[in-house]
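When reading the values below, keep in mind they use all heavy atoms of this one structure, side chains included, and skip hydrogens, waters and symmetry mates.
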Amino acid sequence: VLPIPPEVDPSRLYARITPTPESVAACLNAGFLKSNIIAMDGPFSKTLTMALFDDKNITAVVVRDATDKSYLHEMVVPALERGYHVIMYGRK
């Protein structure tokens, strides 16, 4: 996880990660606020994803390149349906 640039307000960033000590540590080391780390095991329903978007006032999504079609329907499709920016990055 790359560090959050100094010009970015960390209170506006959320990380939804798998609940492992390594994932949480990586987010904290990158500068995410502890209160903005959502550590949950999936799969996630479209309804839950949309509820998170609403609750956290999320308007843009950055996701890892998904090889699992259900992942696309859980995260990317709800974001695109709402007109949010979606940035998808490749795996190593």
Side-chain angles (χ1 to χ4, degrees):
V1 178
L2 296 174
I4 296 172
E7 65 274 10
V8 175
D9 178 3
S11 71
R12 302 266 303 134
L13 299 176
Y14 291 86
R16 189 172 82 179
I17 59 170
T18 55
T20 65
E22 297 82 12
S23 296
V24 173
C27 288
L28 293 172
N29 289 337
F32 281 88
L33 302 175
K34 184 169 52 172
S35 60
N36 290 17
I37 298 172
I38 303 165
M40 301 168 50
D41 275 322
F44 305 99
S45 69
K46 183 177 172 182
T47 302
L48 175 60
T49 297
M50 294 175 100
L52 284 170
F53 289 165
D54 292 340
D55 185 63
K56 305 300 182 190
N57 197 27
I58 292 171
T59 58
V61 176
V62 179
V63 296
R64 177 181 64 228
D65 181 19
T67 55
D68 179 3
K69 284 186 180 183
S70 66
Y71 180 75
L72 292 172
H73 290 285
E74 293 163 3
M75 179 65 89
V76 175
V77 170
L80 292 174
E81 285 178 354
R82 289 177 170 215
Y84 298 166
H85 294 281
V86 175
I87 301 166
M88 187 175 287
Y89 64 93
R91 297 173 187 257
K92 289 185 178 181

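Asn29 contributes atom CG, which lies 12.0 Å from atom CD of Glu22 (distance to the nearest 0.5 angstrom). One distance of note links CG of Asp41 with CD1 of Ile17; it measures 10.5 Å at 0.5 Å rounding. The structure places CE of Met75 at 9.5 Å from CG of Leu48, a figure rounded to the nearest 0.5 Å. The CD1 atom of Ile37 lies 11.5 Å from the OH atom of Tyr14; values are rounded to the nearest 0.5 Å. Interatomic distance, CD1 of Ile58 versus CZ of Arg16, reported as 8.5 Å (0.5 Å rounding).
For Arg82, the salt bridge (charged side-chain N to carboxylate O under 4.0 Å, His left out) test picks out Asp54, with sequence neighbours left out. Annotation: side chain to side chain donor-acceptor pair (under 3.5 Å) contacts of Thr20 (sequence neighbours excluded): Ser23. Partners of Phe32 according to the ring-ring contact (aromatic ring centres under 6.0 Å, His included) rule, which considers only residues two or more places apart in sequence or in another chain, do not exist here. Remark: Glu81 pairs with Lys46 by the side chain to side chain donor-acceptor pair (under 3.5 Å) rule, at least two apart or across chains. Taking Leu33 as the reference, Pro10, Ser11, Ser35, Asn36 meet the side-chain contact (heavy atoms from CB on, under 4.5 Å) condition, with sequence neighbours excluded. Applying the side chain to side chain donor-acceptor pair (under 3.5 Å) test to Asp55 and every residue at least two apart in sequence or in another chain returns nothing. Not a single side chain to side chain donor-acceptor pair (under 3.5 Å) links Thr47 to another residue, sequence neighbours left out. Partners of Pro5 by side-chain contact (heavy atoms from CB on, under 4.5 Å), not counting sequence neighbours, listed by chain and number: Glu7, Val8.
Scanning both residues, Ala15 and Cys27, for their nearest heavy atoms gives CB-SG, 3.7 Å.
When hydrophobic clusters are built by joining Ile, Leu, Val, Met, Phe, Trp and Tyr residues whose side-chain heavy atoms come closer than 4.5 Å, directly or via intermediates, Ile4 is grouped together with Val24. Under a hydrophobic-cluster definition in which Ile, Leu, Val, Met, Phe, Trp and Tyr are linked whenever side-chain heavy atoms come within less than 4.5 Å, directly or via other members, Tyr84 and Val76 are assigned to the same cluster.
Counting only residues at least two apart or on different chains, no salt bridge (Lys or Arg N to Asp or Glu O under 4.0 Å) pair has a member in residues 26-38.
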